[in-house]
Colleague: 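One structure, as structure tokens, below. Some questions next.
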Amino acid sequence: MSKSIPSPKKRSMAVRIGGALVALVTPTVLLVASPVNAEPDAAEGKGDEAVLPAPPQMKALEPLLGKWKCVLTNPPPPVGGPQTVSYVTTRKALDGHYLYSDVTLQPGDLVGRQIFGWNPISHKYTRYSYDNWGTSDYTVAGAPDKNGKISFVGSGHEVMVPSPTGKAQGFAMTMVDNYTFVRPGYRVVSTVVTSADGNTVDWGGNCTRISK
């Protein structure tokens, strides 16, 4: 490794994993989320005209629906910190063709959103993640395995120290976000992030649904 990942004043990585990431990631002493009407839930039908139903593959992601509390063990130094709690609210959008997760990381100044869908051309699940620091990533996944694990793999940019100038400190990354649906209302999450110079950090946690 030629250099270390910059030490942050705060962390944006955990937002993805909570939504996942994290998810989702992730994540206020009080639950704070983007307005629920920020995404259209359904198309406006015209008479008896049928609306294209959501692809059946989206049912595999329905265990993400609801309001969740995620307890995350953050990455090791120099990125790491104490145990972190995030809150995630996931709903359907666009007639169920997509799910979106609003994620708030305590104490509430870092919020993010994840959008999950199914690509009918590549036959892969897709996930877009972004937050109010400027971090963003795009990942894809195959179907969950027999143990209920689904792995989103992709790349993006991680903002470690945000700036109102539009020129923040951070790094390009590749990443793997794993969600394992252990039972209804409970999932285990883990993330591995690798910077362009080969420096790798990983962390994990668990999420419990607190309401539907």
Side-chain angles (χ1 to χ4, degrees), residues 13-27 33-34 36 38-43 50-72 86-104 112-131 135-156 173-193 202-212:
M13 287 183 177
V15 168
R16 289 189 314 276
I17 193 170
L21 287 151
V22 168
L24 347 174
V25 69
T26 60
S34 301
V36 297
E39 300 285 350
D41 182 61
V51 175
L52 181 68
Q57 291 84 355
M58 288 299 293
K59 289 187 177 295
L61 298 184
E62 289 186 359
L64 293 170
L65 293 170
K67 296 181 179 180
W68 299 77
K69 178 181 179 180
C70 296
V71 180
L72 311 175
S86 59
Y87 290 94
V88 184
T89 300
T90 303
R91 294 181 171 87
K92 292 183 179 182
L94 302 178
D95 300 300
H97 286 261
Y98 292 90
L99 305 182
Y100 69 96
S101 297
D102 287 324
V103 186
T104 302
R113 175 167 285 192
Q114 298 177 316
I115 300 175
F116 299 86
W118 171 257
N119 186 320
I121 307 301
S122 67
H123 304 162
K124 296 283 187 180
Y125 293 100
T126 61
R127 191 194 68 179
Y128 296 89
S129 301
Y130 49 94
D131 64 33
T135 290
S136 63
D137 63 67
Y138 172 70
T139 57
V140 299
D145 66 17
K146 63 180 181 180
N147 297 316
K149 178 181 177 180
I150 184 170
S151 297
F152 286 89
V153 180
S155 61
M173 63 177 175
T174 58
M175 61 179 302
V176 180
D177 265 352
N178 300 305
Y179 307 164
T180 301
F181 302 111
V182 179
R183 59 180 181 271
Y186 181 81
R187 67 180 186 265
V188 174
V189 293
S190 64
T191 291
V192 178
V193 168
D202 60 87
W203 68 97
N206 61 80
C207 298
T208 302
R209 185 187 288 122
I210 54 179
S211 70
K212 295 184 178 181

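The first residue in the sequence is number 1, and the count goes up from there.
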Colleague: Nearest 0.5 Å, please: how far is CE in M173 from OG in S155?
Modeller: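 Interatomic distance, S155 OG to M173 CE, rounded to 0.5 Å: 8.0 Å.
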
Colleague: Say you draw a straight line from NZ of K67 to OG1 of T89; how long is it, rounded to the nearest 0.5 Å?
Modeller: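 Nearest 0.5 Å value for the NZ-OG1 distance: 5.5 Å.
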
Colleague: Any donor and acceptor pair, going by atom type alone, linking the side chain of D145 with main-chain N or O of N147 inside 3.5 Å?
Modeller: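 Side chain of D145 to backbone of N147: a pair is present.
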
Colleague: Nearest 0.5 Å, please: how far is OG1 in T90 from NZ in K212?
Modeller: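 Rounded to the nearest 0.5 Å, the NZ-OG1 separation comes out at 14.5 Å.
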
Colleague: For D95 versus A54, what's the shortest heavy-atom pair and its separation?
Modeller: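 Here D95 and A54 meet closest at O-CB, 3.6 Å.
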
Colleague: Under 3.5 Å, is there a donor on one side chain and an acceptor on the other for N178 and S190?
Modeller: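 Note: N178 and S190 side chains meet the donor-acceptor criterion.
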
Colleague: Salt bridge or not between D137 and R127? Use side-chain N to carboxylate O under 4.0 Å.
Modeller: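 Between R127 and D137 there is a salt bridge, with a charged N closer than 4.0 Å to a carboxylate O.
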
Colleague: So, taking the atom named OG1 in T208 and the one named OH in Y186, what distance separates them when rounded to the nearest 0.5 Å?
Modeller: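 One finds 6.0 Å between OG1 of T208 and OH of Y186.
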
Colleague: Near Y98 OH, under 6.0 Å, is it more than 12 heavy atoms from other residues, nucleotides or ligands?
Modeller: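 12 or below, so no.
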
Colleague: Would you confirm whether R187, through its side chain, and R209, through its main-chain N or O, come within 3.5 Å as a donor-acceptor pair?
Modeller: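 Not at all, since once roles are kept as given, no pair shorter than 3.5 Å links the two residues.
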
Colleague: So, taking the atom named CH2 in W68 and the one named CG in N206, what distance separates them when rounded to the nearest 0.5 Å?
Modeller: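 If we round to the nearest 0.5 Å, W68:CH2 and N206:CG are 10.5 Å apart.
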
Colleague: Do K92 and L65 come within less than 4.5 Å of each other through their side chains, counting heavy atoms only?
Modeller: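 Side-chain contact under 4.5 Å: yes.
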
Colleague: Quick one: which of V192, V193, T191 gives a side-chain contact (heavy atoms from CB on, under 4.5 Å) with D202?
Modeller: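 Exactly one option meets the side-chain contact (heavy atoms from CB on, under 4.5 Å) with D202, and it is V192.
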
Colleague: Show, in sequence, the C-alpha distance, side-chain angles and deciding distance for C70 and V88, and conclude whether the side chain to side chain contact (heavy atoms under 4.5 Å, CB included) test is met.
Modeller: CA-CA 8 Å; C70 296; V88 184; 4.1 Å; yes

Colleague: Measure the CD-OH distance between Q114 and Y130 for me, rounded to the nearest 0.5 Å.
Modeller: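 That separation rounds to 10.0 Å.
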
Colleague: Over 60° means perpendicular and under 30° means parallel, so classify the ring planes of H123 and W118, tilted if in between.
Modeller: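 W118 and H123: parallel rings.
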
Colleague: Can you tell me which residue among L64, L61, T180 is in a side-chain contact (heavy atoms from CB on, under 4.5 Å) with I150?
Modeller: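 Going through the options one by one, the only one that passes is L61.
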
Colleague: Would you find a donor on one side and an acceptor on the other, under 3.5 Å apart, between the side chain of Y125 and the backbone of P144?
Modeller: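 Such a contact is absent between Y125 side chain and P144 backbone.
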
Colleague: For the pair N119 (side chain) and I121 (backbone), establish whether a donor and an acceptor sit closer than 3.5 Å, ignoring hydrogens and angles.
Modeller: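 Yes: the side chain of N119 pairs with the backbone of I121.
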
Colleague: What are the two closest non-hydrogen atoms of S151 and V176, and how far apart are they?
Modeller: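 Closest approach of S151 to V176, heavy atoms only: CB-CG1, 4.5 Å.
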
